[in-house]
Chemist: 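My questions will all concern the structure given below.
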Amino acid sequence: DAKTTQPTSMDCAEGRAANLPCNHSTISGNEYVYWYRQIHSQGPQYIIHGLKNNETNEMASLIITEDRKSSTLILPHATLRDTAVYYCIVRFLNAGGTSYGKLTFGQGTILTVHP
Amino acid sequence: DTAVSQTPKYLVTQMGNDKSIKCEQNLGHDTMYWYKQDSKKFLKIMFSYNNKELIINETVPNRFSPKSPDKAHLNLHINSLELGDSAVYFCASSQGSGSKDTQYFGPGTRLTVL
């Protein structure tokens, strides 16, 4: 799986949008970008994933650049409960569309949301 | 209802003992995983099972033996516990199929070896 680079930490004011960047310059055409987060002392939680189009769900938006070498996770209105470590993961789903594959977690970005 | 559950939540034991951690998922998923998060907070996969078959074994010492009695359960047995086994162990499950392959994690089991 392609390596990702994320800032070590970021701050955000409550109610503001949190924009978390991720570089994945070695991503290949059949690798997806996944975002998970881990709130203190809990298991990781899936947020969103995408291949090349921008994606949005009830939690966040994912913006992937046209060359796919970087992406940004956007939490539109951050709350104190969004304070967590955010992991950007690039993973391969095979041609059959199945994957029993591992998630390779890096260091992630510690997002702290302030009142 | 808890989707992925683990027992126990905390486990404190002496070096050399044998212990088991249990995991159950009620999501109807085909694939289950064990991850280890060490003191530096790195999360690494240990094992993956699909329909009770071992799919991934990430060079884990053979003191660790996963067992899947059915596709809803994946237990982790650890023999001859060592200090370095102290960590938080997370179980996860996924449908294991293409873009639906989102992994859902349990709350973790904090293992402390004294």
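Basis for what follows: all heavy atoms, side chains included, without hydrogens, waters or symmetry-related copies. In the text below, chain A, chain B and the rest are named by the order of the sequence lines, each starting its count at 1.
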Chemist: Count the heavy-atom pairs under 4.5 Å between each of A/S41, A/G106, A/G43 and chain B, then report the option with the highest count.
Modeler: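 Winner by heavy-atom pair count: A/G43.
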Chemist: Hey, any chance B/F47 and B/L81 share a hydrophobic cluster, counting ILVMFWY side chains that come within less than 4.5 Å of each other, even indirectly?
Modeler: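 Yes: a chain of side-chain contacts under 4.5 Å links B/F47 to B/L81.
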Chemist: Does atom NZ (B/K22) have a neighbourhood of more than 12 heavy atoms from anything else shown, all under 6.0 Å?
Modeler: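 No.
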Chemist: For B/Y35 and A/L103, indicate whether the former's side chain and the latter's backbone hold a donor-acceptor pair under 3.5 Å.
Modeler: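 Yes; judged by distance alone, with no hydrogens or angles, the pair exists.
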Chemist: Tell me, with the steps shown, if B/F105 and A/Q38 meet side-chain contact (heavy atoms from CB on, under 4.5 Å).
Modeler: CA-CA 10 Å; B/F105 285 77; A/Q38 187 174 23; over 6 Å; no
Chemist: Crowded around A/I63 CD1? As in, over 12 foreign heavy atoms under 6.0 Å?
Modeler: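 Correct, the count exceeds 12.
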Chemist: Report yes if some heavy atom in the side chain of B/Y104 is under 4.5 Å from a heavy atom in the side chain of A/Q45; otherwise report no.
Modeler: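 Not touching, per the 4.5 Å side-chain cut-off.
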Chemist: Quick one: pull up CD in A/Q107 and NZ in B/K40 and give me the separation to the nearest 0.5 Å.
Modeler: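 Output value for this atom pair is 9.5 Å.
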Chemist: Just how far is it from atom OH of A/Y34 to atom CD of B/Q103, taken to the nearest 0.5 Å?
Modeler: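 Those atoms lie 8.5 Å apart.
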Chemist: Are B/V4 and B/Y89 joined in one hydrophobic group, where the rule is that I, L, V, M, F, W and Y side chains link up if heavy atoms are under 4.5 Å apart?
Modeler: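 In one cluster: no.
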Chemist: Could you look at B/Q37 and say if it's the side chain, the backbone, both or neither that has a heavy atom under 4.5 Å from chain A?
Modeler: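 Just the side chain, heavy atoms under 4.5 Å.
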Chemist: Is it the case that atom CZ in A/R16 sees more than 12 heavy atoms from other parts of the structure closer than 6.0 Å?
Modeler: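 Open: at most 12 neighbouring heavy atoms sit under 6.0 Å from CZ of A/R16.
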Chemist: Treating Ile, Leu, Val, Met, Phe, Trp and Tyr as nodes and any side-chain heavy-atom pair under 4.5 angstrom as an edge, say whether B/I21 and B/L54 lie in one connected cluster.
Modeler: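 Both belong to a single hydrophobic cluster.
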